[in-house]
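Encoded as structure tokens, the structure appears first; notes follow it.
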Amino acid sequence: MSHRTVPHHASQPRIPHHVVRVRFAPSPTGYLHVGGARTALFNWLYARQQGGQFLLRIEDTDKARSTDESTRAIFDGLNWLGLNWDEDVVYQGANLPRHQADARRMLDAGAAYRCFCTPEELEQRRKLAAASKEAFKYDRRCDRLAPDEVSKRVADGMPFVIRFRVPEGETSWDDIVHETISFPNKDIEDFVILRSDGTPIYNMAVVSDDIAMRITHVMRGDDHISNTPKQIQLYRALGAELPRFAHFPMIHGLDGKKLSKRHGATAVSDYQHLGILPQAMNNFLVLLGWSPGGDREVMSMDEMIQLFSEKGLLRKAAVFDTKKLDWMNGQHLSRLSAEALAPLAMATFIREGLLTENDPTATSPEFYKLLDFVKERCRTLDDLARLARPYFTKLPFTIDPALVDSHLRKDAAVTKALLTDSTTALEALTGWTPEAMEAALRAVAEKHGLAAGKVFQPIRVAVTGSTVSPGIFEVLVQIGRDVSLQRLKEAAALAT
RNA sequence: GGCGGUAUCGUCUAGGGGACUAGGACACGGCCCUCUCAAGGCUGGAACACGGGUUCGAAUCCCGUUACCGCUACCA
């Protein structure tokens, strides 16, 4: 049986055929999860590198599961990641008339036929096949109906679906990731393209939309590999040029199973709220299923665009193990200039009460200096806010009671003496410089017969309220003379 | 069950017939640096699923087995 093509006369916007057009087509049935984000990222990188277009299509045809809230979550996630899309968002549900028209064209051209079998009958036959351990495949009985009989049933108002008649032969394509993949057509059943209520089935809607959107490269998860031969048949029957296909490997959970909610944080927004930088998230995701080759790992967005290649695409599913994400975030955090980091850290600093909306200090040289001061020892934005807090000297300052006990009240007498001597020594300084402080404080340590660290650590706790900070002299400079001395005195008072 | 896909350290990966006593990164251990914590440096343990071929030679090519994953709806 030879397949017939349907003339394609819908008018299309004129787009040079060499321009790459890719799309991300999520269904709005939940948050944007990391697997979807990775697919979006790959498409975006490819488009940006090729100077093409990255389009967004919301596949909202499943009215029961789709929500506006999910659509917003997808927008928010993509925006946060910086994966900006071109042109208007396409809502699949709005294209129903075209989906129906395309199905109709195939029916009229004889590439598809009406099927009057009810879901119940089909279910029955499926069970029967399963019982005798046979693979069920629709037996085309309705394709053998006489034309008169078909007309009669239609006239009688009998409900029917439209099935695509899969021609004989073999369907194969040159996948960008997998090279040649091929399916014997005998293993593809005559699939439904239009339901009895007139709405399209997934494969129908996708192909109709991808043709209309002039998609040149369909790049998606490899769970779509077995949909591809069906879609290729549809392209052919519709007389449309085939896009190139790329099937990316899946992302699995730690247990090797398909990633799902029970694997913990899988929404990109989870990581946003955990203080992860968007570029670190992208960097981490891009390495799941792609490698630039060699030892390259930490990359800026621009570098990713430049380096992204078909050749580096992997075929094996990757396990989503976020241990490396924290490390990667720390790398990006320290490499970012304070000016670039400040806006990214804004939300966290506001949440932690260090800044307010539109705070002028957020763009001040002092603030940038502070970020540079602490960023290297941070892995997340939360770390950054925590470490920066002691230097907001206008804010109330308290020392964690647990630290008061462990660092000030333990050996209270010695600690008190150390703190008061240090305070006196620092007060006597003519210049508030690291060099002068170091000399003075090491002298204090010597006087007490202690290692310098034994003096520095109580001071650190006294002035930062923490056991972790940059070098203590720089800390004292950053905090300033008056506040430093004041905090030292307060800490000494606590050491009893 | 049928069809399709995949298979290198715990994890992410380099590797595309000899350069492999298999490299890097995360994580873990040790050491160095050091006023704490990071960062950084050095270092240790840790992998080519199995079996057949092809070849002078295979992690790399072919076949099979096994395991895992996906699809198998009038879901997307």
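A note on names: the letters A, B, ... follow the listed sequences, proteins ahead of strands, and every chain is numbered from 1.
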By the 4.0 Å heavy-atom rule, please label [X] as base, sugar-phosphate, or nothing.
{"X": "A/Gly289", "result": "sugar-phosphate"}
{"X": "A/His247", "result": "nothing"}
{"X": "A/Thr467", "result": "base"}
{"X": "A/Glu179", "result": "nothing"}
{"X": "A/Val192", "result": "sugar-phosphate"}
{"X": "A/Pro470", "result": "base"}
{"X": "A/Ile472", "result": "base"}
{"X": "A/Asn227", "result": "base"}
{"X": "A/Leu254", "result": "nothing"}
{"X": "A/Phe183", "result": "sugar-phosphate"}
{"X": "A/Lys311", "result": "base"}
{"X": "A/Arg335", "result": "nothing"}

Geometric cation-pi criterion [X] and [Y], 6.0 Å radius, 45° cone:
{"X": "A/Arg165", "Y": "A/Tyr113", "result": "no"}
{"X": "A/Arg487", "Y": "A/Phe397", "result": "yes"}
{"X": "A/Arg163", "Y": "A/Tyr138", "result": "yes"}

In Å and rounded to the nearest 0.5 Å, what is the [atom1] to [atom2] distance from [X] to [Y]?
{"X": "A/Arg389", "Y": "A/Phe349", "atom1": "CZ", "atom2": "CZ", "answer": "10.0 Å"}
{"X": "A/Leu274", "Y": "A/Leu381", "atom1": "CG", "atom2": "CG", "answer": "10.5 Å"}
{"X": "A/Asp139", "Y": "A/Asp190", "atom1": "CG", "atom2": "CG", "answer": "9.5 Å"}
{"X": "A/Ile459", "Y": "A/Thr464", "atom1": "CD1", "atom2": "OG1", "answer": "11.0 Å"}

How many whole angstroms separate atom [atom1] of [X] from atom [atom2] of [N]?
{"X": "A/Phe136", "N": "B/G2", "atom1": "CZ", "atom2": "P", "result": "17 Å"}
{"X": "A/Lys230", "N": "B/G70", "atom1": "NZ", "atom2": "P", "result": "17 Å"}
{"X": "A/Gln124", "N": "B/A73", "atom1": "CD", "atom2": "C1'", "result": "16 Å"}

Applying the Watson-Crick and G-U wobble criteria at under 3.5 Å, what pairs with [N]? Answer none if nothing qualifies.
{"N": "B/C3", "value": "B/G70"}
{"N": "B/A19", "value": "none"}
{"N": "B/A59", "value": "none"}
{"N": "B/C31", "value": "B/G41"}
{"N": "B/G64", "value": "B/C50"}
{"N": "B/U36", "value": "none"}

Atom [atom1], compared across [N] and [M]: separation rounded to whole Å:
{"N": "B/A14", "M": "B/A25", "atom1": "P", "result": "15 Å"}
{"N": "B/C9", "M": "B/C26", "atom1": "C1'", "result": "12 Å"}
{"N": "B/A58", "M": "B/U8", "atom1": "C1'", "result": "14 Å"}
{"N": "B/G10", "M": "B/G29", "atom1": "C1'", "result": "15 Å"}
{"N": "B/U65", "M": "B/A73", "atom1": "C1'", "result": "33 Å"}
{"N": "B/U60", "M": "B/G16", "atom1": "P", "result": "12 Å"}
{"N": "B/C28", "M": "B/C37", "atom1": "P", "result": "15 Å"}
{"N": "B/C68", "M": "B/A49", "atom1": "C1'", "result": "11 Å"}

> On RNA chain B, nearest-nucleotide positions of A/Ser182 versus A/Trp290: which is more 5'?
Replying inline: A/Ser182

> Closer to the 5' end of RNA chain B via nearest nucleotide, is it A/Lys323 or A/Gly293?
Replying inline: A/Gly293

What nucleotide, of [options], holds the atom closest to the side chain of [X]?
{"X": "A/His252", "options": "B/C69, B/C3, B/U36", "value": "B/C69"}
{"X": "A/Lys324", "options": "B/C26, B/A14, B/C74", "value": "B/C26"}
{"X": "A/Arg315", "options": "B/U6, B/A76, B/G16", "value": "B/U6"}
{"X": "A/Glu189", "options": "B/C35, B/G70, B/A73", "value": "B/A73"}
{"X": "A/Pro119", "options": "B/A14, B/G2, B/C74", "value": "B/C74"}
{"X": "A/Pro184", "options": "B/A76, B/G23, B/G4", "value": "B/G4"}
{"X": "A/Tyr202", "options": "B/A76, B/U6, B/A39", "value": "B/A76"}
{"X": "A/Trp327", "options": "B/C3, B/C26, B/C35", "value": "B/C26"}
{"X": "A/Val468", "options": "B/C35, B/C12, B/U36", "value": "B/U36"}
{"X": "A/Ser291", "options": "B/C26, B/U13, B/G5", "value": "B/U13"}

Any [X] side-chain nitrogen or oxygen under 4.0 Å from OP1 or OP2 of [N]:
{"X": "A/Gln231", "N": "B/C71", "result": "no"}
{"X": "A/Arg126", "N": "B/A73", "result": "yes"}
{"X": "A/Lys316", "N": "B/C68", "result": "no"}
{"X": "A/Arg296", "N": "B/U13", "result": "no"}
{"X": "A/Arg460", "N": "B/C37", "result": "no"}

> Should A/Gln231 and A/Val206 count as side-chain neighbours, where that means a heavy-atom distance under 4.5 Å?
Replying inline: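 Heavy-atom side-chain distance check passes, below 4.5 Å.
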
Is the distance between the ring centroids of [X] and [Y] under 6.0 Å?
{"X": "A/Phe308", "Y": "A/Trp290", "value": "yes"}
{"X": "A/His178", "Y": "A/Phe248", "value": "no"}
{"X": "A/Phe284", "Y": "A/Tyr271", "value": "no"}

>> Let's go through A/Glu352 and A/Arg386 carefully: what are the C-alpha distance in whole Å and the side-chain angles of both, what is the deciding distance for salt bridge (Lys or Arg N to Asp or Glu O under 4.0 Å) to 0.1 Å, and is it a yes or a no?
In response: CA-CA 8 Å; A/Glu352 294 301 313; A/Arg386 192 177 326 115; over 6 Å; no

For a quick check, tell me whether the side chain of [X] and the base of [N] share a donor-acceptor pair closer than 3.5 Å.
{"X": "A/Lys133", "N": "B/G2", "answer": "no"}
{"X": "A/Glu134", "N": "B/G1", "answer": "no"}
{"X": "A/Ser226", "N": "B/C3", "answer": "no"}

>> Please list, in numerical order, the residues of residues 56-73 of chain A that have a heavy atom closer than 4.0 Å to any atom of RNA chain B.
In response: A/Glu59, A/Thr61, A/Asp62, A/Arg65

